[in-house]
Visitor: 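One structure follows; several queries about it will come next.
The sequence lines fix the lettering, A, B, ..., with proteins before strands; numbering per chain opens at 1. Values below: every heavy atom of this structure, side chains too, minus hydrogens, waters and symmetry copies.
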Protein chains: 2
Amino acid sequence: MYYIRPMKKKTAVSSAGGWTDTETSAWIGLVRAQQYLIGAVEDALRAKGLPPLPWYDFLWELDRAPGGNLRLNEIGRRVLLDKYNVTRLSQRLEKEGLVRRVPCAQDGRGIFAHITPGGRRLRKKMWPVYERAVKEHFLSKLGKEDIARIDKLMRRIREESGP
Amino acid sequence: MYYIRPMKKKTAVSSAGGWTDTETSAWIGLVRAQQYLIGAVEDALRAKGLPPLPWYDFLWELDRAPGGNLRLNEIGRRVLLDKYNVTRLSQRLEKEGLVRRVPCAQDGRGIFAHITPGGRRLRKKMWPVYERAVKEHFLSKLGKEDIARIDKLMRRIREESGP
DNA sequence: TTCCCATCGTTGCATTCGCAACCAGGATGT
DNA sequence: ACATCCTGGTTGCGAATGCAACGATGGGAA
């Protein structure tokens, strides 16, 4: 396997080619675990005829936000979606009557997404399904301290690195 | 916030509606961290004009496999891809000359994906970029024991739950 | 054998995503 | 004022994805 085979001389390019088995395993484990978890949640939602996860995330952010509205901008930052995706997701949600898109008065460029009662209802209906899936596939498999550890570690990963 | 507000009576439906803050935070943290990491790796690959991550995963599995070939079936299981995606990804890779798809003699239904020299070359070319990104955004932010812990925890998550 | 069911892989169609180009509105500098 | 750059959001188009339906083979059971 490539990542085990010793590089010739010191190392080839700038990439130091050698990971420990644990590093490799941890990385792949993290990626696959999350793929698996997301998949499980999406399956659960689909099985109940509910919309996919990004809808939930979007609505949740609005539902939590004071006033039930946020700039598209801000939503994208929070749910890690590129701006074109935010635009289009918000348009789809609007077409379903879950959200209203209203231009921002202070900033002529801005658009607010404003959750509607129907939007709040849908989110509330999705939550038990979402919750059950996460509990079954994630929370139930770990102890209290494990969860706390994951919380801490994941937070560390997302911290900014550079200046 | 929904997940904090106490449910009326014991609990509504089968979904016990209350998570602790840590649970919520750990779940969201995990999902977002992984989104962020995958995004970073994909960005790095794209910046170098290299193909996206699923290509790498696919080729890697083949490259590791003895004989350089696997059933589509098996690849899907390993990289957590639905079968239609495996079919189409393998077709794309074949079109690029990175893989050959050959029918399985023993099982008339099966198809082997067989990595070509070009496939191995490409994978090897992608690796340094992949590695550098993971190192920068993931490994470098954690200590040795953290990595070991993540390895253990993620493994636990993917373990089968019940028969 | 024949019938039935599960598995492996493919495909059509609709939805979604990725990318690059674009427009409009703000901010900054002169 | 003006030129310039940055940011917020949109859109066209090509690629990838999800879903459901399909054909084909294999493995039993009767």
Side-chain angles (χ1 to χ4, degrees), chain A residues 35-36 38-58 61-62 69-96 98-114, chain B residues 35-36 38-59 62 69-96 98-114:
Chain A
Q35 263 178 293
Y36 159 75
I38 294 287
V41 174
E42 296 264 26
D43 285 350
L45 289 171
R46 197 169 29 240
K48 297 278 184 190
L50 294 168
L53 237 155
W55 289 40
Y56 185 88
D57 285 348
F58 194 107
E61 291 295 346
L62 288 182
N69 64 77
L70 286 172
R71 292 279 297 267
L72 293 192
N73 187 359
E74 178 60 18
I75 301 179
R77 213 184 49 71
R78 298 197 189 185
V79 299
L80 260 38
L81 241 57
D82 309 82
K83 48 187 189 173
Y84 36 88
N85 273 329
V86 178
T87 294
R88 296 207 255 229
L89 179 50
S90 72
Q91 289 170 342
R92 270 173 256 153
L93 295 179
E94 184 172 48
K95 196 171 310 183
E96 301 293 330
L98 305 168
V99 148
R100 267 180 322 131
R101 292 155 35 88
V102 3
C104 171
Q106 296 76 30
D107 186 338
R109 301 164 291 182
I111 301 277
F112 275 108
H114 194 298
Chain B
Q35 265 179 292
Y36 159 75
I38 294 287
V41 173
E42 295 264 25
D43 286 351
L45 289 171
R46 200 168 28 241
K48 297 280 184 185
L50 293 168
L53 237 156
W55 288 39
Y56 185 87
D57 285 348
F58 194 108
L59 292 175
L62 288 182
N69 64 78
L70 286 172
R71 291 279 296 269
L72 293 192
N73 187 3
E74 179 59 20
I75 300 179
R77 212 184 50 71
R78 298 197 188 184
V79 301
L80 258 38
L81 241 57
D82 309 82
K83 47 187 188 170
Y84 34 88
N85 272 330
V86 178
T87 294
R88 295 208 256 229
L89 179 51
S90 70
Q91 290 170 342
R92 269 172 259 151
L93 295 179
E94 183 172 48
K95 197 173 309 185
E96 299 295 330
L98 305 168
V99 149
R100 267 179 322 133
R101 291 155 37 87
V102 3
C104 170
Q106 297 76 29
D107 185 337
R109 301 165 292 182
I111 301 278
F112 275 108
H114 194 298

Visitor: How long is the straight-line distance from CG of A/N73 back to CZ of A/F112, given to the nearest 0.5 Å?
Guide: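 With rounding to 0.5 Å, CZ (A/F112) is 10.0 Å from CG (A/N73).
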Visitor: Given atom CZ of A/R92 and atom P of C/dT15, what is their separation to the nearest angstrom?
Guide: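 Taking CZ of A/R92 and P of C/dT15, I get 10 Å after rounding.
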Visitor: Phosphate oxygens OP1/OP2 of C/dT16: is one of them under 4.0 Å from a side-chain N or O of A/N85?
Guide: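 Result: no.
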Visitor: State the CD-CD1 distance between B/Q91 and B/I111, to the nearest 0.5 angstrom.
Guide: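 These two atoms lie 9.5 Å from each other.
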Visitor: Tell me the interatomic distance from A/D82, atom CG, to C/dC19, atom C1', rounded to whole angstroms.
Guide: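 Going from CG in A/D82 over to C1' in C/dC19 covers 10 Å.
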Visitor: Under a 4.0 Å heavy-atom cut-off, which of residues 41-50 of chain B touch DNA chain C?
Guide: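 B/R46 - these, ordered by number, are the residues of the stretch whose heavy atoms sit under 4.0 Å from the strand.
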Visitor: Between A/E74 and A/R78, is the closest basic N to carboxylate O distance under 4.0 Å?
Guide: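 Yes.
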Visitor: For nucleotides 5-13 of chain C, read 5' to 3', which letter fits each nucleotide if B means a protein heavy atom sits under 4.0 Å from the base, S means only the sugar-phosphate is that close, and - means neither?
Guide: --BBBBBB-
Visitor: Where the side chain of B/E42 meets the backbone of B/P52, is there a donor-acceptor pair that is under 3.5 Å apart?
Guide: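 Answer holds: no.
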Visitor: Assess the residue pair A/Y36 and B/L80 against the criterion (side chain to side chain contact (heavy atoms under 4.5 Å, CB included)); give the C-alpha distance rounded to whole Å, side-chain angles, the decisive distance to 0.1 Å, and a yes or no.
Guide: CA-CA 7 Å; A/Y36 159 75; B/L80 258 38; 4.1 Å; yes
Visitor: Between the two end axes of the helix from C/dT1-D/dA30 to C/dT30-D/dA1, each built from 5 base pairs, what angle do you get to the nearest 10°?
Guide: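 If I round to tens, the end axes sit 20° apart.
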Visitor: Verify side chain to side chain contact (heavy atoms under 4.5 Å, CB included) between A/W55 and A/L98, making sure each step is shown before the conclusion.
Guide: CA-CA 10 Å; A/W55 289 40; A/L98 305 168; 3.7 Å; yes
Visitor: State which residues pass salt bridge (charged side-chain N to carboxylate O under 4.0 Å, His left out) with B/E94; sequence neighbours excluded, sorted by chain then number.
Guide: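 B/E94 satisfies salt bridge (charged side-chain N to carboxylate O under 4.0 Å, His left out) with B/R101 only.
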Visitor: Can you tell me how far the CZ atom of B/R100 sits from the OG atom of B/S90, to the nearest 0.5 Å?
Guide: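 Between B/R100 CZ and B/S90 OG, I get 13.5 Å after rounding to 0.5 Å.
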Visitor: Kindly give the heavy-atom pair with the smallest separation between A/V99 and A/A113, and that separation in Å.
Guide: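 In this case the closest contact between A/V99 and A/A113 is CG1-CB, 4.1 Å.
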Visitor: As a test of understanding, state which of A/L70, A/N69, A/L62 forms a side chain to side chain contact (heavy atoms under 4.5 Å, CB included) with A/H114.
Guide: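 Filter result, single survivor: A/N69.
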Visitor: When A/L89 is tested against each of A/V86, A/L93, A/T87, A/N85 for side chain to side chain contact (heavy atoms under 4.5 Å, CB included), which residue passes?
Guide: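 Single pass found, and it is A/L93.
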Visitor: Report the residues that fulfil salt bridge (charged side-chain N to carboxylate O under 4.0 Å, His left out) with A/R92, sequence neighbours left out, ordered by chain and then residue number.
Guide: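 Testing A/R92 for salt bridge (charged side-chain N to carboxylate O under 4.0 Å, His left out), a comparison that skips the adjacent residues, returns none.
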Visitor: I need the A/R71 CZ to A/R77 CZ distance, nearest 0.5 Å.
Guide: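 Output value for this atom pair is 12.5 Å.
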Visitor: Please identify the 5'-most and 3'-most nucleotides of DNA chain D with any atom under 4.0 angstrom from a heavy atom of chain B.
Guide: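 Range of nucleotides within reach of chain B: D/dA16 to D/dG26.
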